[in-house]
> 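Got a structure for you, questions after.
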Amino acid sequence: MIHMKHDKVMNIAKKRGFLWSSFEIYAGVAGFYDYGPLGALLKDLIIDKWKNYYIIREGFYEIESPTVMPEEVLKASGHVDNFTDPMTECKECLEVYRADHIIEEMINRDVEGLSNEELTQIISEEKVMCPRCGGHLTKVWNYNLMFQTLIGAKGKKTGYMRPETAQGIFIPFKRLLRFFRGKLPFGVVQVGKAYRNEISPRQGVIRLREFTQAEAEIFVNPEDKTHERFHEIKDTMLKLYSGEIQLAEGEPVEISAGDAHDKGIVSSQILIYQLYIAQKFLRELGIPDEVIRFRQHLPTEMAHYAIDCWDVEVYTEKYGWVEIIGIADRTDFDLKSHTEHSNEDLRVFIEHDVPKMVKKLTIKPNMSKFGPYFKEDAPKIIKALEDIDVEEVKKSIESDNAFNIQIEDKNFELLPEHLNFEEIEEIIRGEKIFPHVIEPSYGIDRIVYSVLLHTFTEDNEREYFKLPKEIAPVEVSVFPLLNKKELNQIALKIRGDLRDNGFIAQFDTSGTIGRRYARSDEIGVPFAITVDHESLDDKKVTIRNRDDLKQKRVLISDIPEILDDLMKSKIEFEDITQ
RNA sequence: GCGGCUGUAGUCUAGUCUGGUUAGGACUUGGGCCUUCCAAGCCUACGACCCGGGUUCAAAUCCCGGCAGCCGCACCA
């Protein structure tokens, strides 16, 4: 199959320094890509924009945690045990299979959740053979997608490269909760590398072994998944491809955020709000609506920890619909699991709106009798009574006139005169709960690819990335109309001024003016400034708009201000006064 | 990981079957000339046989192994 656009985009990306495969002079390694000079800038600008959305607009805070994680963490998260596939290999033809799949296929038996040993046993007992050549299969082994490493000089401690940035946020939850002064909801983000040792990654930058994630973990009260700004977005249209529609083999439907909530298509306001943010973000990166859709995970494909999960997918000619963002309700799975494994209480105290009054029967030892009777054993007994079922004691006393209690192999008989029962009213101000986690997870590399693919434009024999100016790696080009010393001097001076004003500006004298414009357009530079002979007299230059080729003549001294206004969208190009 | 196909400058490609001078061309890129606004022209320079081993007097060319890419299978919390 020919993928003209993909091939063109990747060729230009390689040629002009956006992206290329890593370790090229050593033939490369599949699943690793370098960002070149322009690619690194572009990626940073996209991440900046992402942070602008999540940190500034949503009010979340960013943290940074290590990419190497000790085994315990990933044991608790389930990655050590579950981020694996059981594999088996044919001894004859060396074909590799998913062990569970082959058993289900060959003998039609559900083996989900069985251990490798059990799978191996089934294979030998049921005589499951290689479906291709009939050969014997090896015993089942786990292929874990994580990169394993050893921590420390003696290498006794097993570590893994993190398979997602999320875990780095769950681990310091107690400190984060304290930072946010104990109140839900709050959000924490992390941008960084994650690692998955894919068996055979062959989808370019779409499937990398080392990739960049931008994730937010939003901790919410499970009883309250509303969003305070939902009313502002309820009329926004979203193209939803729900599980139900997928099963019915239907088409995605355009539906308003409000309806999506009212009809229960998306499980909560806060989840829909995240879909809305994702859509807005992608639009502003120059990805058109037609190639964006939200696809709900089917119950069968949903991760074990999630109750609802939507992928934001972008259409690509080469790979079809590609997940570039995953938005999941992870519930309390992670915090609960880390609580069990670490013995740290990762719950949050939720104060009730109105304190609850609870009537409760308590035991009050009658110390004037109790003390002298039990003497040195009295404190022990009192302590034991604190943890005991009061109703049971009361019943026993009422029916048998005694209650027997065992402490350290000794029996004590409590008599009615030793105890008073009192009904007290207790005030319950709140309860401890595990927050639920809403997680938008952005695959930055896939987004960079989508942006390049979908901003790539061919018109009038021009081929260029029509990057929104906000994410253009180079903001302005400065050229002499002709490669003459006196023009170059002025152009260099202008470039210097622009750099002093914080713009990324480039200067180019090679070839003719047309070629220079073409080179500048190709990498998506939104504006070009050209110095001509008249500039020597009138101190004016032309400024050219990439997208419509229009030009305006402006004073050299006004350039930094004009460009600043243009870049910040305070004015449009046609508003420039000559 | 398995099978098939492929691997020559930044890009596209000639040469490989049939081993033999200094691996040829086009585009791109750098420098220069020319040129008063959108990849023009001229001069000039830089730049390649995927890696390793074998056969041979001699390997881009034949053989073996590796790596990478593409396609199919498998895999894809």
Side-chain angles (χ1 to χ4, degrees), chain A residues 1-3 7-8 10-12 14-17 20-32 36 74 77-90 92-102 105 130-133 143-146 163-164 166-167 194 196-204 206-209 297 301-306 309 318 323 326 328 330 333 441 460-464 477 479-484 487 508-522 528-536 541-544 546 549-551 553:
Chain A
M1 244 206 275
I2 304 163
H3 306 286
D7 293 345
K8 269 187 183 168
M10 290 312 283
N11 279 337
I12 295 172
K14 200 192 282 184
K15 180 172 78 170
R16 300 304 307 273
W20 53 68
S21 54
S22 302
F23 319 118
E24 273 182 324
I25 66 166
Y26 291 106
V29 180
F32 295 95
L74 295 157
S77 69
H79 286 90
V80 170
D81 297 320
N82 299 326
F83 203 55
T84 63
D85 298 320
M87 308 286 276
T88 182
E89 189 181 21
C90 172
E92 309 298 325
C93 71
L94 303 178
E95 183 75 23
V96 182
Y97 301 96
R98 272 278 298 261
D100 50 348
H101 287 185
I102 200 173
E105 203 176 293
C130 174
R132 182 201 245 180
C133 74
Y143 178 79
N144 192 297
L145 276 302
M146 291 193 292
E164 59 174 8
Q167 293 305 322
R196 296 177 189 186
N197 199 1
E198 303 289 350
I199 295 173
S200 180
R202 271 193 296 184
Q203 295 168 70
I206 295 299
R207 190 163 219 86
L208 294 174
R209 288 184 164 130
H297 278 206
E301 66 179 313
M302 195 117 58
H304 52 291
Y305 50 71
C309 184
K318 181 163 175 152
E323 173 200 355
R330 288 180 81 131
F333 177 85
S441 174
N460 299 320
E461 292 172 32
R462 288 198 301 162
E463 291 183 346
Y464 63 106
S477 300
F479 306 131
L481 182 60
L482 298 169
N483 187 9
K484 300 274 194 221
L487 302 183
D508 187 3
T509 62
S510 182
T512 60
I513 187 66
R515 179 169 291 275
R516 296 195 279 264
Y517 284 140
R519 269 196 291 256
S520 175
D521 288 343
E522 189 172 59
I529 286 163
T530 305
V531 179
D532 55 43
H533 281 93
E534 285 171 48
S535 305
L536 296 167
V541 291
T542 57
I543 178 165
R544 169 184 175 275
R546 177 195 65 199
L549 307 178
K550 289 195 177 133
Q551 295 191 323
R553 199 163 176 81

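Chain letters run A, B, ... following the sequence lines, proteins first and then strands; every chain starts at 1. FYI, side chains are in, hydrogens and waters are out, and symmetry mates aren't considered; it's all heavy atoms of this structure. Model, not experiment: these values are computed from the prediction.
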> Between atom NZ in Lys14(A) and atom P in A9(B), what is the gap in whole Å?
11 Å
> Does a side-chain N-to-carboxylate-O contact under 4.0 Å join Arg16(A) and Glu463(A)?
no
> By ring-ring contact (aromatic ring centres under 6.0 Å, His included), which residues pair with Tyr464(A), not counting sequence neighbours?
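Applying ring-ring contact (aromatic ring centres under 6.0 Å, His included) to Tyr464(A) gives none.
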> Using atom C1' of each nucleotide, how far apart are C75(B) and C50(B) to the nearest Å?
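That atom pair is separated by 27 Å.
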> Less than 4.5 Å apart, any side-chain heavy atom of Val29(A) and any of Ser22(A)?
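No, side chains not in contact.
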> Just how far, in rounded Å, is P of U11(B) from CH2 of Trp20(A)?
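Computing the Trp20(A):CH2 to U11(B):P distance gives 13 Å.
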> Would you say the side chain of Arg196(A) lies within less than 4.5 Å of the side chain of Glu164(A), judging by non-hydrogen atoms?
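They are in contact (side-chain heavy atoms under 4.5 Å apart), so the answer is yes.
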> Taking only the P atom of each, what is the distance from C17(B) to U61(B) in whole angstrom?
9 Å
> Name all residues meeting the ring-ring contact (aromatic ring centres under 6.0 Å, His included) criterion together with His297(A); count only those two or more places apart in sequence or in a different chain, and write none if there are none.
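With neighbours one apart ignored, the set is empty.
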> Write down the partner of U11(B) under the Watson-Crick or G-U wobble criteria, each distance required to be under 3.5 Å.
A26(B)
> Please state how far atom CG in Asp81(A) lies from atom C1' in A77(B), giving the value in whole angstrom units.
12 Å
> Partner of C38(B) by Watson-Crick or G-U wobble geometry, both contacts under 3.5 Å, or none?
none
> If I take atom CD1 in residue Ile12(A) and atom C1' in nucleotide C27(B), what distance separates them, rounded to the nearest angstrom?
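Between C1' of C27(B) and CD1 of Ile12(A): 14 Å.
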> If I take atom CG from residue Leu549(A) and atom OH from residue Tyr517(A), how far apart are they, to the nearest 0.5 angstrom?
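The distance works out to 9.5 Å.
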> So how far is it from Glu534(A) CD to Arg553(A) CZ, rounded to the nearest 0.5 Å?
5.0 Å
> Does A68(B) have a Watson-Crick or wobble mate here (both distances under 3.5 Å), and if so which one?
U6(B)
> Taking U29(B) as the reference, what is the distance to C12(B) when you measure between their C1' atoms (whole Å, please)?
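Result for the C1' pair: 15 Å, nearest Å.
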> Roughly how many Å apart are G66(B) and G4(B), using the P atom of each and rounding to a whole number?
12 Å
> Determine the Euclidean distance between corresponding P atoms of G19(B) and G15(B); express it in Å to zero decimal places.
16 Å
> Can you tell me how far P in U56(B) sits from the matching atom in G10(B), rounded to whole Å?
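So the two P atoms sit 34 Å from each other.
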> How far, in whole Å, is G52(B) from U16(B) if one measures between their P atoms?
24 Å
> Going by salt bridge (Lys or Arg N to Asp or Glu O under 4.0 Å), name the residues that satisfy it together with Lys484(A), two or more places apart in sequence or in a different chain.
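Testing Lys484(A) for salt bridge (Lys or Arg N to Asp or Glu O under 4.0 Å), a comparison that skips the adjacent residues, returns none.
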> Polar-atom pairs under 3.5 Å, protein N or O versus N or O of nucleotides 65-69 of chain B: list them with distances, or write none.
residue: A68(B); atom: O4'; partner: Ala27(A); partner atom: O; Å: 3.3

> Using whole Å, report how far CZ of Phe23(A) lies from C1' of C51(B).
17 Å
> Determine which nucleotide pairs with U21(B), using a 3.5 Å limit on both distances of a Watson-Crick or G-U wobble pair.
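With both distances under 3.5 Å required, U21(B) matches none.
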> Mark up nucleotides 34-48 of chain B, 5' to 3', with B wherever a protein heavy atom is under 4.0 angstrom from a base atom, S wherever such an atom reaches only the sugar-phosphate, and - elsewhere.
-BBBBBB--------
> Do Arg544(A) and Ser520(A) have side chains that get closer than 4.5 Å, going by heavy atoms?
no
> Under the salt bridge (Lys or Arg N to Asp or Glu O under 4.0 Å) rule, collect the residues that match up with Arg516(A), sequence neighbours excluded.
none
> Please give the nucleotide sitting opposite C49(B) as a Watson-Crick or G-U wobble pair, both distances under 3.5 Å, or none.
none
> When rounded to the nearest Å, what value does the distance between P atoms of A77(B) and U8(B) take?
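So the two P atoms sit 35 Å from each other.
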> Could you check how far OH of Tyr143(A) sits from P of G1(B), rounded to whole Å?
9 Å
